[in-house]
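Quick notes on the structure that follows.
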Amino acid sequence: MRIYKAKDYNDLSRKAANIISAQIIMKPNAVLGLATGSSPIGTYKQLIEWYKKGDLDFYEAKSINLDEYKGLGPDDAQSYYHFMHVNFFDHINIKPENTNIPNGLEEDAETECARYNSVIESSGGIDLQLLGIGCNGHIGFNEPGSAFDKETHCVTLSENTIGANARFFASRDDVPRYAYSMGIKSIMQARRILLIATGANKADALYDSICGPITPSVPASILQLHNNVTIIADEDALAKILAEHDIMPGGHLIDRRDGTDK
Ligand code: F6R
């Protein structure tokens with residue numbers, strides 16, 4: 001695991017976009033696992049800017065999004081389909097048929113989860129998975145308590161997540177209660193993972209994920225077992241970790257209390 005401190009949100013977005021561009025440059029037909037939420041908006045903006053300058057080409061790239069609210073379709077302004085188009089896909093040259101998001105309008109969860117798992121499998125696997133992190137340590141919509149061995153599944157959102165996402169809806173009651181999400185197993189199968197975190201409300205989740213025990217109560221803690229994870233976070237999100245650790249050049253954490261390497 002390599003951890004890098006960003007000066008601010010712009011710096012974080014630029015660093016994350018640099019890693020994604022390097023992936024596309026090295027493998028133009030890379031499969032990108034993508035996330036929604038506030039954290040990646042700046043990263044997508046930066047990638048769009050570089051694409052418009054002619055420095056990046058998404059023509060051969062493929063994308064597979066982490067999740068979608070069950071019950072929301074492409075025309076719903078709160079759907080992740082809509083989010084991805086407005087914030088990214090509509091501004092770059094990725095082919096629409098190469099983008100994948102769970103179908104929120106499929107009522108039969110078994111059908112949709114099986115379809116999405118076969119999309120991931122037939123893509124040849126995700127080269128680089130971009131992740132945000134929930135204040136409760138969730139990744140995708142894998143809430144605390146989710147089994148680590150799940151592929152795409154239908155999730156009942158926790159009250160914590162409903163509260164955190166209510167800011168995007170007219171009221172808390174409008175937030176869907178269910179979502180389709182790639183499971184932890186699908187996420188862990190990505191060849192490389194890039195997690196971004198910003199703001200003081202992520203400090204506990206980030207600390208528990210990186211420094212705490214590996215447990216389903218903190219879904220992101222499983223990332224400690226992945227062999228290629230990069231975390232980019234701002235000072236606020238890193239506050240609790242930096243109170244005990246130094247980040248060494250190369251992104252390794254050293255515990256100041258006993259000198260151990262994380
Ligand atoms: C989004 C997703 C979620 C978010 C997480 C953080 O596709 O899967 O896990 O990454 O809820 O959201 P923000 O970035 O809004 O704090």
Side-chain angles (χ1 to χ4, degrees), residues 6 9-10 12-13 16-17 20 32-46 63-70 72 76 78-89 99-104 116 120 126 128-146 150-169 175-188 190 193-206 208-209 216 218-223 229-234 236-238:
Y9 183 65
N10 276 345
L12 174 144
S13 303
I20 297 171
L32 301 176
L34 298 179
T36 58
S38 335
S39 308
I41 291 178
T43 304
Y44 295 146
K45 261 196 193 134
Q46 182 63 79
S63 71
I64 301 184
N65 261 77
L66 280 168
D67 41 19
E68 177 61 283
Y69 288 115
K70 185 164 188 263
L72 302 193
D76 195 304
Q78 305 308 332
S79 71
Y80 286 171
Y81 179 100
H82 188 264
F83 175 101
M84 287 309 298
H85 280 264
V86 169
N87 288 294
F88 197 33
F89 297 153
T99 64
N100 296 282
I101 301 176
N103 176 9
Y116 212 62
I120 300 170
I126 294 170
L128 175 61
Q129 176 66 56
L130 177 63
L131 295 177
I133 182 169
C135 302
N136 60 5
H138 74 214
I139 44 177
F141 269 133
N142 297 286
E143 300 285 23
S146 308
K150 285 207 172 143
E151 298 185 312
T152 310
H153 58 297
C154 182
V155 178
T156 305
L157 300 187
S158 72
E159 283 305 315
N160 180 307
T161 299
I162 291 169
N165 290 3
R167 67 192 194 277
F168 300 114
F169 292 81
V175 184
R177 267 39 189 172
Y178 301 98
Y180 291 126
S181 179
M182 268 193 215
I184 303 265
K185 181 174 174 188
S186 337
I187 293 173
M188 288 295 281
I193 292 177
L194 169 61
L195 183 143
I196 53 177
T198 168
N201 61 343
K202 301 292 171 70
D204 285 335
L206 206 56
D208 293 344
S209 304
V218 183
S221 64
I222 190 73
L223 299 177
V229 177
T230 303
I231 296 179
I232 303 176
D234 65 9
D236 288 342
L238 284 169

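FYI, the numbering just counts along the sequence from 1. Start at 1 and go down the list; that is how both ligands and their atoms are numbered.
Checking Asp67, Leu66, Asn65 one by one against Ile101, the side chain to side chain contact (heavy atoms under 4.5 Å, CB included) holds for a single residue, Asn65. Residue Val218 is tested with Leu223, Ile139, Asp208 for a side chain to side chain contact (heavy atoms under 4.5 Å, CB included); the sole match is Asp208.
Side-chain N or O atoms of Tyr80 include none that pairs as donor or acceptor with a backbone N or O of Gly37 at under 3.5 Å. A donor-acceptor pair is defined here as one N or O able to donate and one able to accept, closer than 3.5 Å; such a pair exists between the side chain of Asn142 and the backbone of Met182.
The salt bridge (charged side-chain N to carboxylate O under 4.0 Å, His left out) search around Asp204 returns Lys240, not counting sequence neighbours. A search for side-chain contact (heavy atoms from CB on, under 4.5 Å) contacts involving Ala237 returns Ala197, Lys202, Leu206, Ala233, Asp234, not counting sequence neighbours.
Remark: ligand 1 atoms within the under-4.0 Å shell around heavy atoms of Leu66 are 8 (O). When each atom of ligand 1 is checked for a heavy atom of Arg167 under 4.0 Å away, the hits are 15 (O). Here is the list of ligand 1 atoms found below 4.0 Å of a heavy atom in Ala35: 7 (O). Proximity to Gly132 (heavy-atom distance under 4.0 Å) selects the following atoms of ligand 1: 10 (O). Remark: ligand 1 atoms within the under-4.0 Å shell around heavy atoms of Lys202 are 6 (C), 13 (P), 16 (O).
The nearest protein atom to atom 2 (C) of ligand 1, hydrogens excluded, is given as Asp67 OD2, 3.4 Å; this is a heavy-atom distance. The protein heavy-atom contact nearest to atom 15 (O) of ligand 1 is Ser38 N, 2.8 Å. Remark: minimum distance from atom 1 (C) of ligand 1 to any protein heavy atom is reached at Thr36 OG1, 3.1 Å. Scanning the protein heavy atoms around atom 6 (C) of ligand 1, the nearest turns out to be Ile133 O, 3.4 Å. Distance from atom 11 (O) of ligand 1 to its nearest protein heavy atom, with residue and atom name: His138 NE2, 2.7 Å. Closest protein heavy atom to atom 14 (O) of ligand 1: Ser39 OG, 2.5 Å. Shortest contact from atom 3 (C) of ligand 1 to any protein heavy atom: Gly140 O, 3.6 Å.
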Does the pair Tyr69 and Tyr178 meet the rule for a ring pair (Phe, Tyr, Trp, His ring centres under 6.0 Å), with working shown?
CA-CA 6 Å; Tyr69 288 115; Tyr178 301 98; over 10 Å; no
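Tyr180 has its ring centre no less than 6.0 Å from the ring centre of Phe141.
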